[in-house]
Amino acid sequence: VELTTAILFGAITIRYGWTLAAFKWELFEALLIALFWTDLEERLLPDELTLGGALSGLILAVFVRVPGELSEVFLPGSKVVLQSLFNAGLGAMVLAGPIWILGLIYARVRRREGVGLGDVKLLVFLGVFLGPENGLLALLIGAVSGSVLGIAYIWLTHKKASTYELPLGSFLCAGAALAPLMKKL
């Protein structure tokens, strides 16, 4: 854990320098690391980290712009702070909303939980920090890697696929951790 944190902090500092943006992304990475391991080991995503992280992201959105092009479409000529907060809110809705609705539908049809509410709160956190476009990229990376590695794990360990609870949050965290490193946000 400590080595991963040091490597990610170093990579963020190299990419963003000694700036407020670097602090934002280092906080993001630290929260993701804690969430990754907690979900992997306990199948739990604590509200203190997901909702607290989302609140921290909203506060930081006032000082460091949340990436996203849609704010320029819907709020042309607006102040950067307003566009940043719009991107944070839209990112949270775009990531968490559809997954929450699909989880409700799945639970009604199958009569068991398909997506935990912790995963939905995690997606709110990711959307607030990453914005809609980068949040969708993180969701895609996390979902695809989770599916591939999850199926491989179930197959190799002979677990029952219909009852095994895949730690989706861990894969979402890993996908999100890559976003600030892939391009400068």
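Hydrogens, waters and symmetry mates are skipped; everything else that's a heavy atom, side chains included, is used. Keep in mind the model is a prediction, meaning the values are calculated, not measured.
Summarising the geometry of Ala177 relative to Glu29, their closest heavy-atom pair is O-OE2, 2.8 Å, with the distance given to 0.1 Å. Across all non-hydrogen atoms, the minimal contact from Lys121 to Thr50 is CB-OG1, 3.7 Å. Scanning all heavy atoms of the two residues, the minimum distance from Ala54 to Val124 falls at CB-CG1, 4.2 Å. Taking each heavy atom of Leu172 and Ala143 in turn, the nearest pair found is CD2-N, 4.4 Å. Between Gly17 and Ala22 the shortest heavy-atom distance is O-CB, 3.1 Å. Shown here for Pro98 and Met93, the closest heavy-atom pair between the two residues is CD-O, 3.5 Å.
No donor-acceptor pair closer than 3.5 Å links the side chain of Asn134 to the backbone N or O of Ala179. Although no hydrogens or angles enter the test, the distance criterion places a donor-acceptor pair under 3.5 Å between the side chain of Ser84 and the main chain of Ala61. Looking at Asn87, its side chain does come within 3.5 Å of a backbone N or O of Val66 through a donor-acceptor pair. Looking at Glu26, its side chain never comes within 3.5 Å of a backbone N or O of Ile12 through a donor-acceptor pair.
Expressed to the nearest 0.5 Å, how far CG of Leu82 lies from CZ of Phe74 amounts to 13.5 Å. Between the CG atom of Leu85 and the OG atom of Ser71 there is a distance of 10.5 Å, given to the nearest 0.5 Å. Residue Leu104 holds its CG atom at 11.5 Å from CD1 of Ile99, rounded to the nearest 0.5 Å. For the atom pair Asp119 CG and Leu95 CG, the distance stands at 12.0 Å (nearest 0.5 Å). Residue Leu55 holds its CG atom at 9.5 Å from CG of Leu60, rounded to the nearest 0.5 Å. Atoms CZ and CG, on Phe129 and Leu32 in that order, are 8.5 Å from each other to the nearest 0.5 Å.
A heavy-atom distance below 4.5 Å is found between the side chains of Leu181 and Leu8. No side-chain heavy atom of Thr38 sits under 4.5 Å from any side-chain heavy atom of Leu45. Counting heavy atoms from C-beta on, the side chains of Asp39 and Cys173 never come closer than 4.5 Å. Contact annotation: the side chain of Leu139 approaches that of Leu123 to within less than 4.5 Å [non-hydrogen atoms, C-beta and beyond]. For the pair Leu70/Glu133, a side-chain contact is recorded, criterion being any heavy-atom separation below 4.5 Å from C-beta on.
Glu165 has no carboxylate O lying under 4.0 Å from a charged side-chain N of Arg112, or vice versa, which leaves the two without a salt bridge.
Side-chain heavy atoms closer than 4.5 Å link hydrophobic residues (I, L, V, M, F, W, Y) into clusters, and following such links, even through other members, never connects Met182 to Ile7. Phe9 and Leu49 fall into different hydrophobic clusters, where Ile, Leu, Val, Met, Phe, Trp and Tyr residues are linked whenever their side-chain heavy atoms come under 4.5 Å apart, directly or through other members. Both Phe23 and Tyr16 sit in one connected hydrophobic cluster of ILVMFWY residues. Membership requires side-chain heavy atoms under 4.5 Å apart, directly or through other members. The hydrophobic clustering, which links ILVMFWY residues whose side-chain heavy atoms are closer than 4.5 Å, places Ile141 and Ile33 apart. Transitive grouping of hydrophobic side chains (ILVMFWY, heavy atoms separated by less than 4.5 Å) brings Leu130 and Leu35 into a common cluster.
Leu156 belongs to a hydrophobic cluster with Trp155, counting contacts under 4.5 Å between side-chain heavy atoms of Ile, Leu, Val, Met, Phe, Trp and Tyr, direct or through other members.
Among pairs with a residue in residues 161-185, those fulfilling ring pair (Phe, Tyr, Trp, His ring centres under 6.0 Å) read Tyr153-Tyr164, at least two apart in sequence or across chains.
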